[in-house]
Amino acid sequence: MRNRRVLLPTSVALALTGLLPTPTVRGTEAPELAIHHAVELNWPGAAETVYRVYRSVGDLDHFYPLGEAIAGTGGEVQIFDSTRGTEQCFYKLHVVAPDATEAEIMEAHEQFRDAVNAHDAAALKPFFVPDVVFDDVAQPPLKNLDEALGFFADLYASFPDYVDSGGISLVRGNIFAGEHAAQATHLGDWDLGPLGVVPPTGIVVTMPHMGVYQYEGEKMLQMTLYYDLGSMLIQLGVLPMPGTPPLVPSFEIPVPNPTGLSPMDAVAETTARWNASDLEGFMEAFAEDADLSLPGLPAGTTRAEYAAAQEAYITAFPDHQMLVQSAFDMGDGWVMTQAHWKGTQTGPYLGAPASNNPVVLRVAILARVDETGLVTYFHVMYDNLSLMVQMGLLTPPPDLKAISAAIGAAFQAHDPDQIVSFFTPDGTYQYVPQLQVMPAQPDFQVWLGGLFHAFPDYATIAEDLWNAGNIIVTEHTTTGTFVNDWGTLPASGQIGAPHKHLDVWEYEGDKVKHLVTYDDSQFPGIPASGKLVEIPEAILYHVNDAGLLDEMRVYWDNITQLAQLGLLP
């Protein structure tokens with residue numbers, strides 16, 4: 001029954017094709033100033049079936065569990081959702097197996113943490129359901145269990161002594177929420193995808209992180225990690241420390257004012273005040289000795305320093321809003337919230353001038369509320385690197401592999417104009433058999449036109465691709481029928497046998513600066529001539545784990561060789 005899922009916008013009742021009958025949806029709007037939207041969803045539910053509902057607020061890429069599991073009785077399953085904000089909500093229904101006890105989940109998670117610290121990615125597989133959702137908020141989403149295990153393998157390759165030393169661990173229902181400390185030494189290449197590769201630095205970094213883990217039985221169904229990638233790169237010396245203003249607020253910090261609210265309502269009230277830019281009301285919600293934390297702020301931040309940091313953000317992003325995706329009452333006053341912060345940078349921030357760029361950050365907030373409704377613990381986690389990139393402070397390097405694939409598609413489409421559009425204005429092409437370098441525009445463009453005219457069915461398929469810095473190397477197999485004359489070469493009508501060639505692409509930014517093609521035609525049985533030949537060649541080596549060569553591929557042009565031997569004009 002697991003994985004029967006469907007999307008449902010609150011504004012439209014959609015049929016749950018083949019899963020459940022169409023639900024009824026009722027929406028009511030409170031007075032306009034309240035900015036409050038309440039929705040009640042109703043499904044006919046089967047007896048002895050456990051349901052879980054996921055909600056997304058304006059973001060179909062990320063769903064969050066809404067409340068606790070609901071046991072079906074054979075009557076109507078009712079879910080009431082109340083959220084501040086005006087974004088459209090979407091829902092996903094999930095039929096699950098009975099949950100484990102909270103004690104069993106706590107024990108399962110401690111075993112998982114021990115396995116993580118054992119540095120064996122393959123040994124982590126039994127802790128996940130086969131279709132686990134692994135959500136690393138600082139990096140692109142992972143698609144399946146193999147990619148999730150690959151995440152840990154990459155972590156151990158870059159930080160082989162990684163240790164999660166634990167911290168706050170909470171369980172309520174089937175949700176584990178935690179804030180843990182970790183430490184590791186950067187001893188291997190750290191691949192950040194489109195942001196490039198960070199070579200080993202030997203520096204020890206701290207990695208505080210929050211996590212929200214949804215369990216099905218004693219296995220993880222969804223794992224969402226929050227941490228500050230920007231802080232880690234600053235520790236490694238890869239990024240400079242951003243400029244920060246003095247942490248002095250422009251207003252007098254009010255004394256704490258107990259709200260008398262329950263933990264869930266008290267945390268929701270802080271969100272409402274923050275969204276309304278009511279900083280004085282926001283700070284009133286915190287106890288005098290509240291433990292406050294934001295990425296980039298030092299430990300032991302005071303209420304005044306925390307207020308100054310929040311004021312700097314609100315000034316830079318005056319249209320800011322926090323859209324709550326999920327909030328969990330974890331017991332004993334603890335509340336875990338997952339949200340999106342949105343805003344447009346129209347003022348200076350982190351020492352950078354206004355960019356007018358929109359920013360969206362995924363955020364986790366772990367809070368604790370005392371019996372009077374005052375917040376005594378309020379730790380916020382998000383990725384400062386994502387913030388810097390969206391503000392335009394960092395430009396990710398181009399994805400050269402993706403560009404190479406786009407160039408390959410242009411070759412398959414026989415489109416010379418599109419192909420040369422990937423070159424710099426002074427870009428060049430060298431076809432080794434002709435021993436000449438030609439400008440991409442117009443010479444290479446014309447040359448390609450002649451090639452595609454001569455071989456109307458020309459096809460070249462990249463079988464392998466390697467990337468090192470600004471260099472892409474591709475190995476191709478090419479075929480085609482010589483139907484029309486090509487320059488001084490008369491058409492033969494023959495289908496050319498598939499042959500391989502090697503291309504070396506040198507990029508300048510996201511444009512090709514120089515392309516070299518090493519092509520080959522075989523002419524065996526040539527008698528010795530005693531003549532000296534000089535042939536450009538390219539060699540690919542593969543080195544195994546023992547440091548020994550186990551593969552070598554050599555490319556050169558035999559036509560050039562035959563010409564130097566005097567066997568061709």
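Index from 1, following the sequence.
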Q | Modelled atom types, side-chain donor and acceptor of Q310 and Y306, under 3.5 Å | A | yes
Q: Would you check if the side chain of T376 reaches a backbone N or O of V369 as a donor-acceptor pair within less than 3.5 Å?
A: no
(Q) Just verifying a value: how many Å separate L279 CG and Y313 OH, rounded to the nearest 0.5 Å? (A) 12.5 Å
Q.
Strictly distance-based, threshold 3.5 Å: is any side-chain N or O of H340 a donor or acceptor partner for the main-chain N or O of K342?
A. no
**Q.** Backbone N/O of D228 and side chain of S231: donor-acceptor pair under 3.5 Å
**A.** no
Q: Report yes or no: does H186 contribute a side-chain atom to a donor-acceptor pair with the main-chain N or O of V205 at less than 3.5 Å?
A: no
Q. Is the F128-Y213 ring centre distance short of 6.0 angstrom?
A. no
(Q) Restricting to non-hydrogen atoms, name the atom on D164 and the atom on A181 that form the minimum distance, rounded to 0.1 Å. (A) OD1-O, 3.3 Å
Q. Does a side-chain heavy-atom distance below 4.5 Å link Q390 with V360?
A. yes
(Q) Do D291 and H379 pair up side chain to side chain, a donor and an acceptor below 3.5 Å, judged on atom types alone? (A) yes
**Q.** Closest heavy-atom pair and its distance - I314, S277
**A.** CG2-OG, 3.8 Å
Q: Look at the side chain of S355 and the backbone N and O of N357, then say whether any donor-acceptor pair between them is shorter than 3.5 Å.
A: yes
Q: Would you confirm whether the ring centroid of Y382 sits within less than 6.0 angstrom of the ring centroid of Y226?
A: no
Q. To the nearest 0.5 Å, how far apart are CZ in R273 and CD in E269?
A. 4.5 Å
Q | Nearest non-hydrogen partners of L393 and A352, listed with the distance | A | CD2-CB, 3.2 Å
(Q) For a side-chain contact (heavy atoms from CB on, under 4.5 Å) check, start with the C-alpha distance between Y227 and M210, then their side-chain angles and the critical distance, and finish with the verdict. (A) CA-CA 7 Å; Y227 58 97; M210 292 187 189; over 6 Å; no
Q) Rounded to the nearest 0.5 Å, how far apart are CG of N384 and CG of L239? A) 10.0 Å
Q) Mind checking whether F152 and F134 have side chains closer than 4.5 Å, heavy atoms only? A) yes
Q: Could you tell me whether a side-chain N or O of T270 sits under 3.5 Å from a main-chain N or O of V267, the two making a donor and an acceptor?
A: yes
(Q) Has Q325 got a side-chain atom pairing as donor or acceptor with Q338's backbone, closer than 3.5 angstrom? (A) no
Q. How many angstroms lie between atom CG of N174 and atom CD of E102, to the nearest 0.5 angstrom?
A. 9.5 Å
Q.
Can you confirm if the aromatic rings of F286 and F378 lie within a centre distance of less than 6.0 Å?
A. yes
Q.
Quick check: do P200 and L187 have side-chain heavy atoms less than 4.5 Å from each other?
A. no
Q) Less than 4.5 Å apart, any side-chain heavy atom of N356 and any of Q345? A) no
Q: Please answer whether the main-chain N or O of F282 pairs with a side-chain N or O of D278 as donor and acceptor at a distance below 3.5 Å.
A: no
Q. Got Q214 and F176 here, is their nearest side-chain heavy-atom distance under 4.5 Å?
A. no
**Q.** T344 backbone acceptor or donor facing D319 side chain under 3.5 Å
**A.** yes
Q) What is the minimum heavy-atom distance between S169 and H180, and which atoms define it? A) OG-NE2, 3.0 Å
(Q) Do T224 and V133 have side chains that approach each other closer than 4.5 Å (heavy atoms only, starting at C-beta)? (A) no
Q.
Quick check for you: to the nearest 0.5 Å, what is the distance between L225 atom CG and M207 atom CE?
A. 12.0 Å
**Q.** Stepwise side-chain contact (heavy atoms from CB on, under 4.5 Å) test for L124 and V116
**A.** CA-CA 7 Å; L124 299 176; V116 168; 4.0 Å; yes
Q: Could you tell me whether F317 and W341 have their ring centroids closer than 6.0 angstrom?
A: no
(Q) Per the salt bridge (charged side-chain N to carboxylate O under 4.0 Å, His left out) rule, what does the pair list look like for residues 147-163, sequence neighbours excluded? (A) none
Q) When the ring planes of W190 and F159 are compared, do they come out parallel, tilted or perpendicular, using 30° and 60° as the limits? A) perpendicular
(Q) Rounded at 0.5 Å granularity, tell me how far OH in Y377 sits from CG in L292. (A) 10.0 Å
**Q.** Any donor-acceptor pair under 3.5 Å from E104 side chain to E218 backbone
**A.** no
Q: Check I253 against M283 and note the closest heavy-atom contact, atom names and distance.
A: CG2-CB, 4.5 Å
Q. Between V335 and M330, does a side-chain contact (heavy atoms from CB on, under 4.5 Å) hold up when you go through it step by step?
A. CA-CA 5 Å; V335 176; M330 302 304 299; over 6 Å; no
Q) Between P298 and T301, is any pair of side-chain heavy atoms under 4.5 Å apart? A) yes
Q) For residues T206 and Q183, is any side-chain donor paired with an opposing acceptor at under 3.5 Å? A) no
Q) Would D332 and R368 count as a salt bridge (Lys or Arg N to Asp or Glu O under 4.0 Å) if you check the C-alpha gap in whole Å, the side-chain angles of each, and the deciding distance to 0.1 Å? A) CA-CA 8 Å; D332 197 24; R368 195 176 195 185; 2.4 Å; yes
Q. Is any side-chain N of the basic residue among K219 and E216 closer than 4.0 Å to the acidic one's carboxylate O?
A. no
Q) Which atoms form the tightest heavy-atom contact between P249 and A307, and what is the distance? A) CB-CB, 4.4 Å
**Q.** side-chain contact (heavy atoms from CB on, under 4.5 Å) evaluation trace for L155 with Y162
**A.** CA-CA 8 Å; L155 173 67; Y162 175 90; 4.1 Å; yes
Q | Non-hydrogen side-chain atoms of S293 and V380 separated by less than 4.5 Å | A | no
